[in-house]
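Comments concern the structure below.
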Amino acid sequence: MKYINNKLTIDGISLDSLVKRYGTPLYCYSHNELRTNIINFKNNFKGINPLICFSVKSNSNKKILSEIKKFNIGADVVSKGELVKALKSGIKPQKIVFSGVGKTPPELKYAIEKNILLINVESKSELLLINKIAKLKKKVVNVGIRLNPDTDAKTIKKISTGNIENKFGVNEKEFLKLIEFSKLSKNLNVKCLSVHIGSQILDYRPYKKMLGVINKVIKKSNYKFEFIDLGGGMGIQYEKNSKKLNYKIYNNLIKKFLKNYDSKIIFEPGRSIIGSVGSLISKITYIKKTKNKIFVILDCAMNDFLRPALYGAKHEILPTVKNSKKIKKTTEFVGPICETTDTFLKLSKFQSIKEGDNIVILNTGAYGMSLSSNYNVRPMPIEILIKNRKSSVILKRQKLNEIT
Ligand code: LLP
């Protein structure tokens with residue numbers, strides 16, 4: 001994304017022209033950026049040759065999934081809905097892993113019927129249920145057992161998953177018991193040890209600690225795992241000058257770890273693949289001046305993009321047309337919903353803007369549209385993809401009569 005003659009463009013197309021064509025709020029994705037992220041991700045883990053399973057929860061647009069699939073990438077799903085979408089997008093069952101603490105019997109039956117690569121089990125009850133279904137269906141089901149490594153991911157608490165207080169995975173003792181139980185079953189084949197300690201991780205040290213814990217547990221289990229699923233969580237730069245994850249160190253740590261084992265690594269990245277690919281374009285409905293602040297009231301809201309309201313996440317905002325005049329007061333970009341948390345960003349310096357102008361919220365490709373809702377009976381935004389300098393609709397704007 002760059003300014004050409006003061007107009008903000010994505011892959012050469014001006015954002016204002018997209019607004020004219022498609023309206024706002026508008027999620028816009030760049031295929032160029034997607035390709036770059038995937039190539040970078042693969043390069044970052046050179047020498048490991050991992051199976052990459054894109055985390056569908058971060059963005060479940062079917063066209064996006066089918067584009068990702070073309071790079072030989074599979075899927076990490078957490079519901080039957082995500083599994084159906086991944087399959088409909090052409091992703092092969094042999095490249096799909098299914099995680100989640102609460103997979104229901106119908107979800108497990110469906111996954112077993114589809115012969116997916118792995119069901120990553122998160123409790124004894126789940127393993128018993130899989131065993132029962134597998135027996136009835138006279139099948140051998142490939143499973144992973146998710147270990148809770150009790151590792152602090154040093155990220156936002158609300159998106160940490162690897163502490164023992166979190167609901168995810170099982171502790172070491174239970175993990176070893178589940179392996180022993182599976183050995184006795186003709187219908188279970190434990191192929192994988194899986195972990196996922198959290199999201200938006202920018203420090204390699206939690207990963208280092210996690211690998212240390214896995215190493216110890218594998219030794220104790222004395223079991224040969226065909227796969228080690230390290231989850232996702234690799235963070236991206238939401239703010240200029242923020243820390244960057246040191247992939248080189250993480251890659252070297254994994255290589256060192258693999259010297260002891262003949263296992264294939266699986267990654268489940270979401271944000272690091274799709275986060276920077278998407279932008280949310282919105283129109284300024286009103287500008288409201290108060291004594292201390294200027295509120296810029298947008299036509300997108302927390303239902304369209306929830307991260308700032310839910311996690312206090314900060315996403316850069318840019319004007320679609322640049323000028324050199326500055327607003328002197330603090331400017332707060334807010335949505336129209338009757339909730340104080342329906343606010344996006346507060347800035348002490350922003351350029352002068354007026355009602356009817358457009359702005360763009362950056363890095364909204366991951367957990368943007370996928371976390372959106374119809375709160376306040378607001379239709380969900382349109383999604384478009386820019387590929388080869390052409391834009392096309394990849395999800396139509398929801399119509400009011402579809403939700404009223
Ligand atoms: N694998 C598992 C088992 C997960 O639970 C997650 C994310 C991922 C992979 C992908 O993580 P990623 O590479 O995208 O960090 N809504 C929050 C993020 C929640 C992440 C939940 N699990 C946000 O907007 O920051």
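For reference, positions follow the sequence shown, starting with 1. Every number for a ligand or one of its atoms is a count from 1 in the order of the listing. Quick note: numbers below take in every heavy atom, side chains included, and nothing from hydrogens, waters or symmetry partners.
Proximity of Y311 to ligand 1, defined as any heavy-atom pair under 4.0 Å, is confined to the side chain (atoms from C-beta onward). The proximity of R271 to ligand 1, defined as any non-hydrogen pair under 4.0 Å, involves the side chain as well as the backbone. Heavy atoms of I201 found under 4.0 angstrom from ligand 1: none, in either backbone or side chain. For E268, heavy-atom contacts with ligand 1 shorter than 4.0 Å involve the backbone as well as the side chain.
Y29 and E67 form no side-chain donor-acceptor contact under 3.5 Å, judged by distance and modelled atom types alone. For the residue pair Y27/S372, the side-chain donor-acceptor check at 3.5 Å is not satisfied. Inspection of the S199 and R271 side chains reveals an N or O donor paired with an N or O acceptor under 3.5 Å. In the model, T343 has a side-chain atom that pairs as donor or acceptor with a side-chain atom of E332 under 3.5 Å. Counted by atom type alone, S55 and D76 present one or more donor-acceptor pairs between their side chains at under 3.5 Å. N142 and E226 share no donor-acceptor pair across their side chains, judged by distance under 3.5 Å alone.
For ligand 1, none of its N or O atoms has an N or O atom of G198 under 3.5 Å away. For the pair R146 and ligand 1, the shortest N or O to N or O distance does not fall below 3.5 Å. Considering both main-chain and side-chain atoms, S272 never comes within under 3.5 Å of ligand 1 through any nitrogen or oxygen pair. Below 3.5 Å of separation, one finds an N or O of K57 facing an N or O of ligand 1.
Residue, atom and distance of the protein heavy atom nearest to atom 24 (O) of ligand 1 are R307 NE, 2.6 Å. Among protein heavy atoms, the minimum distance from atom 20 (C) of ligand 1 is reached at Y367 OH, 3.6 Å.
Residues satisfying the salt bridge (Lys or Arg N to Asp or Glu O under 4.0 Å) criterion with D16, sequence neighbours excluded, are absent altogether.
The L371 neighbourhood of ligand 1 comprises atoms 16 (N), with distances under 4.0 Å to a heavy atom of that residue. If you number the atoms of ligand 1 from 1 as listed, the ones under 4.0 Å from a heavy atom of G270 come out as 12 (P), 13 (O), 14 (O). The ligand atoms of ligand 1 that sit less than 4.0 angstrom from a heavy atom of D76 are 1 (N), 2 (C), 9 (C).
A donor-acceptor pair under 3.5 Å is formed between the side chain of K264 and the backbone N or O of N49.
How far CZ of F257 is from CD1 of I265: 6.0 Å, rounded to the nearest 0.5 Å.
A cation-pi arrangement is present between K103 and F98, with the terminal nitrogen or guanidinium carbon under 6.0 Å from the aromatic centre and inside a 45° cone about the axis.
Nearest-residue assignment for atom 13 (O) of ligand 1 (options G233, G100, G235; heavy-atom criterion): G233. Ranked by closest heavy atom to atom 15 (O) of ligand 1, the top entry among P308, S99, S199, G231 is S199.
At least one heavy atom of P269 sits less than 4.0 Å from an atom of ligand 1.
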